[in-house]
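In what follows, a single structure is set out as structure tokens and then discussed.
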Amino acid sequence: MTDIEQVLSDSLEQKRSGDVLYAGGSFQDACDTYDTALSKLQQLENLDEESQRKSKVVKVFLLQSKAACMHRMKRFEEAVQACDAALECDPSNEKALLRRAQCHMEGGSYAKAYVDYSAVAALGASMPEAHKAIAALRLNHPEAVEEAEEGLAEQRRRRRVERGGMGLLGSIQRAAVLVLSTVLGGGWWVIATTLSIALVRYAREDRTWEVVGEGVVASETSLLHWLLVLGLADALMSAGEEEEGKEGGREGGREG
């Protein structure tokens, strides 16, 4: 057995010891046992892919058990933190989501509880508790549900922006290359391409796109960026025209 396998085996053994303590009502001792096992897992380094997978599974088990201890001791904030850590490893973990929802509910964070219970229900999990809790929240805490629904709707809109907005920016970039290279002349296509790419990257990084209804529009800041670009384009056009005028004058002089 390798050192890594030994640590994983020891961690599972401590998990079982903690479960015995938990069953006997010694929640703090159980939590301490789980924490000891988690500390050992944290010290593992240079894991191959399979060892990482096994370590993550054991870690999630331990964090779920720790969250259960904190929940029973009504230390809801610490229980939520344990659930958060478990969900970082496994975002669709039903037990961690449900436990976090319970802690939010009992701790009075009804909007957060609604979000987590909704996530459990969306996973298709056969958990009547989630559906009952959602119904109870809608009945008893409609303001919190409204707040949660607004937050969920905003998340959905932002995801659409990330998907559709990047497509829109890509279309703008291609159009900018076409227009600028046409207006400025074939010899300016490199400048036109560079300018359009810089614009799109700047808009992405500066988050100058805002959600309006179901669509995406440029904010005032973004419009200023466009004006700067148009001003630069106008300067390039003027420079190009001036150069053409000089070239025409030189050709006229040679003809004369």
Side-chain angles (χ1 to χ4, degrees), residues 1 3-45 47 50-137 140-141 144-145 147-148 151:
M1 182 180 291
D3 291 341
I4 293 174
E5 291 173 338
Q6 185 64 55
V7 170
L8 292 174
S9 177
D10 291 345
S11 297
L12 285 173
E13 184 59 37
Q14 287 184 305
K15 165 75 166 61
R16 287 188 283 270
S17 298
D19 291 346
V20 172
L21 291 168
Y22 178 89
S26 300
F27 303 124
Q28 185 59 61
D29 291 339
C31 189
D32 292 341
T33 302
Y34 299 138
D35 275 335
T36 299
L38 284 166
S39 297
K40 290 183 178 179
L41 288 179
Q42 288 291 99
Q43 295 173 8
L44 291 176
E45 297 179 347
L47 301 180
E50 181 62 16
S51 295
Q52 286 180 6
R53 185 190 66 79
K54 291 179 180 179
S55 175
K56 186 177 291 187
V57 169
V58 175
K59 182 178 180 180
V60 169
F61 285 155
L62 290 165
L63 287 166
Q64 287 176 338
S65 298
K66 178 179 179 178
C69 289
M70 294 300 181
H71 184 201
R72 291 296 296 270
M73 291 187 288
K74 299 188 181 303
R75 289 158 61 177
F76 301 126
E77 186 174 341
E78 292 170 89
V80 167
Q81 291 173 356
C83 291
D84 288 343
L87 289 165
E88 284 182 13
C89 298
D90 182 8
S92 60
N93 188 287
E94 295 171 5
K95 289 185 178 181
L97 276 170
L98 185 60
R99 180 74 66 184
R100 191 171 70 177
Q102 292 168 339
C103 292
H104 283 318
M105 179 76 98
E106 294 176 38
S109 299
Y110 300 119
K112 292 180 179 180
Y114 181 85
V115 171
D116 280 345
Y117 278 125
S118 298
V120 173
L123 289 174
S126 178
M127 291 188 180
E129 179 185 346
H131 297 283
K132 289 180 181 179
I134 289 171
L137 285 164
N140 300 318
H141 304 284
V145 170
E147 177 188 343

| task | Could you check Lys66 against Asp35 for salt bridge (Lys or Arg N to Asp or Glu O under 4.0 Å), going step by step and ending with a plain yes or no? | result | CA-CA 8 Å; Lys66 178 179 179 178; Asp35 275 335; 2.9 Å; yes
| message | Is any side-chain heavy atom of Gln81 closer than 4.5 Å to one of Met70? | response | no
| query | Any ring pair (Phe, Tyr, Trp, His ring centres under 6.0 Å) pairs touching residues 88-123, not counting sequence neighbours? | reply | Tyr110-His141
| When you look at Arg16 and Glu13, which way does the salt bridge (Lys or Arg N to Asp or Glu O under 4.0 Å) test go after all the steps? | CA-CA 5 Å; Arg16 287 188 283 270; Glu13 184 59 37; 2.9 Å; yes
| request: Please report the shortest heavy-atom distance between Tyr22 and Cys69, naming the atom on each side. | output: CD1-SG, 3.6 Å
| said: Quick one, Leu21 with Asp32, criterion side-chain contact (heavy atoms from CB on, under 4.5 Å). Give me CA distance, side-chain angles, the key distance, then yes/no. | reply: CA-CA 10 Å; Leu21 291 168; Asp32 292 341; over 6 Å; no
| request: Please report the shortest heavy-atom distance between Ala96 and Gln64, naming the atom on each side. | output: N-NE2, 4.2 Å
| Spacing of Ser118 atom OG and Leu137 atom CG [to the nearest 0.5 Å] | 8.5 Å
| message | For Thr36 versus Gln14, what's the shortest heavy-atom pair and its separation? | response | CG2-NE2, 3.3 Å
| Exercise: identify the closest heavy-atom pair between Ala86 and Val60 | O-CG2, 4.0 Å
| remark: One should read off an interatomic distance between Phe76 CZ and Met105 CE, to the nearest 0.5 angstrom, of 12.0 Å
| message | Atom CZ of residue position Phe61 - does it have more than 12 heavy atoms of other residues, nucleotides or ligands inside 6.0 Å? | response | no
| Of the non-hydrogen atoms in Pro91 and Leu97, which two are nearest, and what is the gap between them? | O-CD1, 4.2 Å
| said: Within the 3.5 Å criterion, strictly below it, is a donor on Asp10 or Gln6 matched to an acceptor on the partner's side chain? | reply: yes
| query | CD/Gln52 to CG/Leu44 distance, rounded to the nearest 0.5 angstrom? | reply | 10.5 Å
| request: State which residues pass salt bridge (charged side-chain N to carboxylate O under 4.0 Å, His left out) with Glu147; sequence neighbours excluded, sorted by chain then number. | output: none
| task | Considering non-hydrogen atoms only, spot the tightest contact between Ala113 and Ala101 and give its length. | result | CB-O, 3.7 Å
| query | What's the spacing between Ser17 OG and Tyr34 OH if we round to 0.5 Å? | reply | 9.0 Å
| message | For a 4.5 angstrom cut-off between non-hydrogen side-chain atoms, does Gln28 reach Met73? | response | yes
| Is atom CD of Glu50 surrounded by more than 12 heavy atoms (other residues, nucleotides or ligands) closer than 6.0 Å? | yes
| message | When you compare the side chain of Arg100 with that of Leu87, does any pair of heavy atoms fall below 4.5 Å? | response | yes
| Which value, rounded to the nearest 0.5 Å, describes the distance between Glu129 atom CD and Ile134 atom CD1? | 10.5 Å
| field | Side chain Ser9, main chain Glu5, donor-acceptor under 3.5 Å | value | no
| message | For a salt bridge (Lys or Arg N to Asp or Glu O under 4.0 Å) check, start with the C-alpha distance between Asp116 and Lys112, then their side-chain angles and the critical distance, and finish with the verdict. | response | CA-CA 6 Å; Asp116 280 345; Lys112 292 180 179 180; over 6 Å; no
| Rounded to the nearest 0.5 Å, what separation is found between the OG atom of Ser55 and the CD atom of Gln42? | 8.0 Å
